[in-house]
A.B. asks: 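Please see the structure below; I have some questions.
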Protein chains: 2
Amino acid sequence: MDYNAILELLRQKGYRLTQARKQVIRILTTNTQFLGAYDIHNLLEKENIHIGVTSIYRVLDLLKKLDLVRSEEFGAGGERFRLQGNEEQHEHSHQLICSQCGRQEEWVGECPITDLAEKLEHTSGYQIEEHWLRFFGLCPQCQEL
Amino acid sequence: MDYNAILELLRQKGYRLTQARKQVIRILTTNTQFLGAYDIHNLLEKENIHIGVTSIYRVLDLLKKLDLVRSEEFGAGGERFRLQGNEEQHEHSHQLICSQCGRQEEWVGECPITDLAEKLEHTSGYQIEEHWLRFFGLCPQCQEL
DNA sequence: CTCCTTATTGATACAATGTTTCAATAAGGA
DNA sequence: TCCTTATTGAAACATTGTATCAATAAGGAG
């Protein structure tokens, strides 16, 4: 789903196409990494575009409600957001995160967890919505330091 | 490792047995849940014991350095700490977290990830230190609301 | 038991992330 | 072009976390 498709979807649902929404969506469509609200704020400030932090959070909440972005939290720095479908590849993916420099990599492959989640639903009574699988370690560069 | 054993270990290593250390360790030994620094602070305040937040962080850092506590982050609320060995059972465990009420449960069983981690070390070049496996969903109680 | 050294504490100030409130603004249909 | 109202953003505040530094107390020496 690209920039214009998202705007069209918002329009169809009766949401106004405001500067705040257009700018945040633009940033999200051009980034495959997870970004925090303040990351987005800073990127926009660099372009001399001033959107209040409050509004950025509101746009992100809206996009999340519409299931257009997914959010996660790893380590410090709060919630981070990424457009659905902006995974490096579009299979179910997980993260490999460097504990030194914070570099994130997608790790794609068939997921050994999906089956497990189903079993767990039965044994635990939980209605499982999602799962995280994260590996932390030193990336090749940081091992050399 | 219980309260006295930890104090003895600190003493042996030349650390002073201060109020701050003793109180934080006491709270940790009597809780199997992951606790944030401010959780610990609040629990102590309730008992009318006043330990500065700064000191609580310092004790937690020390215990982490000595590998006596493990820390994780899930959802909002920052880093949370738990005594090593305070898992509900002492096998390798993962969490089941209610996305509504925040209830955490240990989920214990043979871990399907350990093998995967080893393979991943070879293919990615990362020196993997740990992994997280978290399931999020509605717990039985919250499903009824 | 008392004194002394210094490891440790905690108040304060500050930084980053996030939420609430409400008057001002601008989107877009009439 | 005007009007309605959805949307914005400034400000005040809450939470989590860190840096600084003078005051304190732990515990060994005498």
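Every heavy atom of this structure was used, including side-chain atoms; hydrogens, water molecules and symmetry mates were not.
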A.B. asks: What's the separation between atom OG1 in B/T30 and atom CG in B/L35, rounded to the nearest 0.5 Å?
C.D. replies: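 That separation rounds to 8.5 Å.
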A.B. asks: Within less than 4.0 Å of OP1 or OP2 of C/dA27, is there a side-chain N or O belonging to A/T18?
C.D. replies: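 Checking A/T18 against C/dA27: no side-chain N or O falls below 4.0 Å of OP1 or OP2.
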A.B. asks: How do B/G14 and A/Y15 order along DNA chain C: which one's closest nucleotide is nearer the 5' end?
C.D. replies: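 Its nearest nucleotide lies further toward 5', so the answer is B/G14.
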A.B. asks: What residue among A/L60, A/I25, A/L63, A/L62 forms side chain to side chain contact (heavy atoms under 4.5 Å, CB included) with A/L68?
C.D. replies: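 For A/L68, the side chain to side chain contact (heavy atoms under 4.5 Å, CB included) check succeeds only for A/L63.
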A.B. asks: Are any of A/R16's side-chain N or O atoms less than 4.0 Å away from OP1 or OP2 of C/dA26?
C.D. replies: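 For C/dA26, neither OP1 nor OP2 has a side-chain N or O of A/R16 closer than 4.0 Å.
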A.B. asks: Categorize A/R58 for me: base, sugar-phosphate, or nothing, with a 4.0 angstrom heavy-atom threshold over every strand shown.
C.D. replies: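 A/R58: base contact, heavy atoms under 4.0 Å.
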A.B. asks: Could you tell me how far apart B/I49 (CD1) and C/dG10 (P) are, to the nearest whole angstrom?
C.D. replies: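 Checked: the CD1 to P distance equals 12 Å.
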A.B. asks: Flag the pair A/E45 / A/H50 as yes when at least one side-chain heavy-atom distance between them is below 4.5 Å, and no otherwise.
C.D. replies: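 Sidechains of A/H50 and A/E45: in contact.
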A.B. asks: Note every stem involving DNA chain C: at least three consecutive Watson-Crick or G-U wobble pairs, i with j then i+1 with j-1, with both distances under 3.5 Å.
C.D. replies: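 If one scans DNA chain C for consecutive Watson-Crick or G-U pairs, the stems found are C:1-30 with D:1-30.
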A.B. asks: Going only through I, L, V, M, F, W and Y residues with side-chain contacts under 4.5 Å, is there a path from B/V53 to B/I40?
C.D. replies: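 Per the 4.5 Å side-chain linkage, B/V53 and B/I40 are not co-clustered.
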A.B. asks: Are A/I51 and A/Y57 linked, directly or through intermediate hydrophobic residues, by side-chain heavy-atom contacts shorter than 4.5 Å (ILVMFWY only)?
C.D. replies: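 Looking at the clustering, A/I51 is in a separate group from A/Y57.
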A.B. asks: Roughly how far, to the nearest 0.5 Å, is CG of A/L28 from CZ of A/F34?
C.D. replies: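 The CG atom of A/L28 is 11.0 Å from CZ of A/F34, to the nearest 0.5 Å.
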A.B. asks: What is the distance from CG of A/L7 to C1' of C/dA27, rounded to the nearest Å?
C.D. replies: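 The answer, rounded to whole Å, is 14 Å.
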A.B. asks: Rounded to whole angstrom units, what separation is found between the CZ atom of A/R21 and the C1' atom of C/dG28?
C.D. replies: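 Checked: the CZ to C1' distance equals 13 Å.
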A.B. asks: Just do the side-chain contact (heavy atoms from CB on, under 4.5 Å) check on A/R70 and A/F81 with the steps written out, would you?
C.D. replies: CA-CA 6 Å; A/R70 205 157 78 87; A/F81 303 81; over 6 Å; no
A.B. asks: Figure out the CG/P separation between B/L17 and D/dG28, and round it to whole Å.
C.D. replies: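 Rounding to the nearest Å, CG of B/L17 and P of D/dG28 are 10 Å apart.
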A.B. asks: Taking side-chain hydrogen bond (donor to acceptor under 3.5 Å, both in side chains) as the definition, give me every residue that meets it alongside B/E8, ordered by chain and number, with sequence neighbours left out.
C.D. replies: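 side-chain hydrogen bond (donor to acceptor under 3.5 Å, both in side chains) check on B/E8 returns B/R11, B/Q12.
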A.B. asks: About how many Å separate CD1 of B/I6 and NZ of B/K22, when rounded to the nearest 0.5 Å?
C.D. replies: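 Output value for this atom pair is 14.0 Å.
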A.B. asks: Check the distance between C/dG28's C1' and A/Q19's CD and give it to me in whole angstrom.
C.D. replies: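 It is 15 Å, rounded to the nearest whole Å.
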A.B. asks: Write down the protein N/O and nucleotide N/O pairs, taken from nucleotides 15-19 of chain C, whose separation is under 3.5 Å; answer none if there are no such pairs.
C.D. replies:
unit_1 : atom_1 : unit_2 : atom_2 : d
C/dG18 : OP1    : A/E79  : N      : 2.5
C/dG18 : OP2    : A/Y57  : OH     : 2.6
C/dG18 : O5'    : A/Y57  : OH     : 3.0
C/dG18 : N7     : A/Y38  : OH     : 3.0

A.B. asks: Check the distance between D/dG27's C1' and B/R11's CZ and give it to me in whole angstrom.
C.D. replies: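 In whole Å, D/dG27 C1' and B/R11 CZ are 11 Å from each other.
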A.B. asks: Could you state the CZ-C1' distance from B/F34 to D/dT16, rounded to the nearest angstrom?
C.D. replies: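 Whole-Å distance recorded here is 18 Å.
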A.B. asks: For A/Q23 and D/dT7, give me the distance from atom CD to atom P, rounded to whole Å.
C.D. replies: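 After rounding, the gap between these two atoms is 17 Å.
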